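Positions are given from 1 along the sequence. These numbers were taken from a predicted model, which means no experiment stands behind them. We use all heavy atoms of the structure for the numbers below, so side chains are in, but hydrogens, waters and symmetry mates are not.
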Amino acid sequence: MSDNKDSNPAREMKLGTAPLAYLNKEFLNSPDGRLFRILSEYSEPLARFRREKIQDTVVFFGSARFASLSDAKDALTILEKPGSARPAQPQDQPGGRDGDALQAALKRANAAVQMARFYEEARTLARMLTEWSITLPGRRHRFVVTSGGGPGIMEAANRGARDAGGKTIGLNIRLPFEQLPNPYITPELNFEFHYFFMRKYWFAYPAKALVVFPGGFGTLDELFEILTLAQTQKLAKKIIVIVYGREYWNRVLNLGALADAGAISPEDEQLFSFCDSPEEAFQSLKEGLTRYHLEARPPKAGAEVPEIAKTLP
């Protein structure tokens, strides 16, 4: 006679509680979870901007490689006079094992001293802009200085805004070589992104102005992206673009050749203006921001969300 007891081991198995989907790290970090990671890089910054009462921004771009004048001079001194302040071991100095390489390193260090003026001028401009913006009436913060969060010109912009006692934003990107946030960002507005395109979104859509200091590939990428959005009228707002350092950019770019060839319209050259001093750039920013974003359309009373630009149909 057969035993009536059910010996099916599945019935005796006790299952633990399954993880909630939004706490399931394996899923969230998988290809299937990519959509939620992308949405998070939209909704989490939006929530923070709302909480910190950020209405709009002015974005500073420029090289991550330009140091402050004091740091650039220190680096040059170490190369020129290895016995002076904080010297590195000769074999550890750039080009220390090779005379020609040392001369190349000296040339780069001298260039760094020359380019350090842009760090100092970015810091000054960000301070001037922030000193003005924090006097504007309203419940939300206007024209908040924003950078890519790293060193160089980015650091200078955040530093200048902090010098003035204002909030300042850093939109960092996680890279294999770990670009760390500079120490001058307002801690509550220190962001780190995985997706370049979501970082670009937050550069473009709250911005009312862009200041482009001398830089490399990344700076050119951001400049032309904003100019393309403005040219194609994808943003329903006037964005002021200041290209800082006429002599540098005239050596790097020849936008007149594009117009001569018919690749762009002559009026497209009016999408930006050159400036060569913090005072000139500040005046241009102040006049443009006042004309297009203070006098033309004052912010709605009581609004608590960042002013994200609408796109045109």
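- The hydrophobic cluster containing Ile134 does not contain Phe60, counting ILVMFWY residues as joined when their side-chain heavy atoms lie under 4.5 angstrom apart, directly or transitively.
- Remark: Leu235 CG to Lys208 NZ distance equals 10.0 Å, nearest 0.5 Å.
- With respect to the salt-bridge test (charged N to carboxylate O, under 4.0 angstrom), the residues Glu295 and Arg291 do not qualify.
- Between Lys200 and Asp221, at least one side-chain nitrogen of the basic residue sits less than 4.0 Å from a carboxylate oxygen of the acidic one, meeting the salt-bridge criterion.
- Using a 30° and 60° split on the angle between ring planes, Trp132 and Phe282 fall in the perpendicular class, above 60°.
- In Phe197, the CZ atom is crowded: over 12 heavy atoms of neighbouring residues, nucleotides or ligands sit closer than 6.0 Å.
- Annotation: side chain of Pro19 is in contact with side chain of Asn24 (closest heavy-atom distance under 4.5 Å).
- More than 12 heavy atoms of other residues, nucleotides or ligands shown are found within 6.0 angstrom of CZ on Phe27.
- Shown here for Ala230 and Leu271, the closest heavy-atom pair between the two residues is CB-CD2, 4.3 Å.
- A donor-acceptor contact shorter than 3.5 Å links the side chain of Ser277 to the backbone of Glu280.
- Side chains of Tyr248 and Leu253 form no contact here, defined as non-hydrogen atoms less than 4.5 Å apart.
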Kindly indicate, with the supporting measurements, whether the criterion side chain to side chain contact (heavy atoms under 4.5 Å, CB included) is fulfilled by Leu289 and Val58. CA-CA 10 Å; Leu289 293 171; Val58 173; 4.1 Å; yes
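- A distance of 13.0 Å separates CE of Met154 from OG1 of Thr146, quoted to the nearest 0.5 Å.
- A ring-centre distance under 6.0 Å is found for Phe203 and Phe61.
- Judged by distance alone, the side chains of Tyr119 and Glu155 do bring a donor and an acceptor atom under 3.5 Å apart.
- Closest heavy-atom contact between Pro278 and Thr124: CB-CG2, 3.9 Å.
- For the pair Leu285/Leu125, a side-chain contact is recorded, criterion being any heavy-atom separation below 4.5 Å from C-beta on.
- In this structure, CE on Met128 lies 7.5 Å from CD on Gln283, to the nearest 0.5 angstrom.
- With ring centers used as reference points, Trp249 lies 6.0 Å or more from Tyr244.
- A donor-acceptor distance shorter than 3.5 angstrom exists from the side chain of Arg199 to the backbone of Gly148, with no hydrogens or angles considered.
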Starting from the C-alpha separation in whole Å, work towards a yes-or-no answer on side chain to side chain contact (heavy atoms under 4.5 Å, CB included) for Ile173 and Glu192. CA-CA 5 Å; Ile173 185 73; Glu192 183 157 331; over 6 Å; no
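- Under the 4.5 Å side-chain contact rule for hydrophobic residues, Leu210 and Phe217 do not share a cluster.
- When the side chains of ILVMFWY residues are joined at heavy-atom separations under 4.5 Å, either directly or via intervening members, Ile153 and Ile185 end up in two distinct hydrophobic clusters.
- Between Thr168 and Tyr184, the closest heavy-atom pair is CG2-O, 3.2 Å.
- Using a cut-off of 4.0 Å between Lys/Arg side-chain N and Asp/Glu carboxylate O, Arg48 and Glu44 are scored as salt-bridged.
- If you look at Tyr195 and Phe193, their ring centroids are not closer than 6.0 Å.
- Judged by distance alone, with hydrogens and angles left aside, the side-chain atoms of Asp56 form no donor-acceptor pair with the main-chain N or O of Arg142 at under 3.5 Å.
- Salt-bridge annotation for Glu247 and Arg251: present, with a side-chain N of the basic residue lying under 4.0 Å from a carboxylate O of the acidic one.
- Once rounded to the nearest 0.5 Å, the distance linking CG of Leu28 with OG of Ser40 reads 8.0 Å.
- Heavy atoms only, all atoms of each residue included: Gly166 and Thr130 are closest at CA-CG2, 3.7 Å.
- Salt-bridge annotation for Asp163 and Arg127: absent, with no side-chain N of the basic residue lying under 4.0 Å from a carboxylate O of the acidic one.
- Rounding to the nearest 0.5 Å places CD of Glu267 at 9.5 Å from CD of Gln231.
- Note that the CD1 atom of Ile240 and the NZ atom of Lys286 stand 13.5 Å from one another [nearest 0.5 Å].
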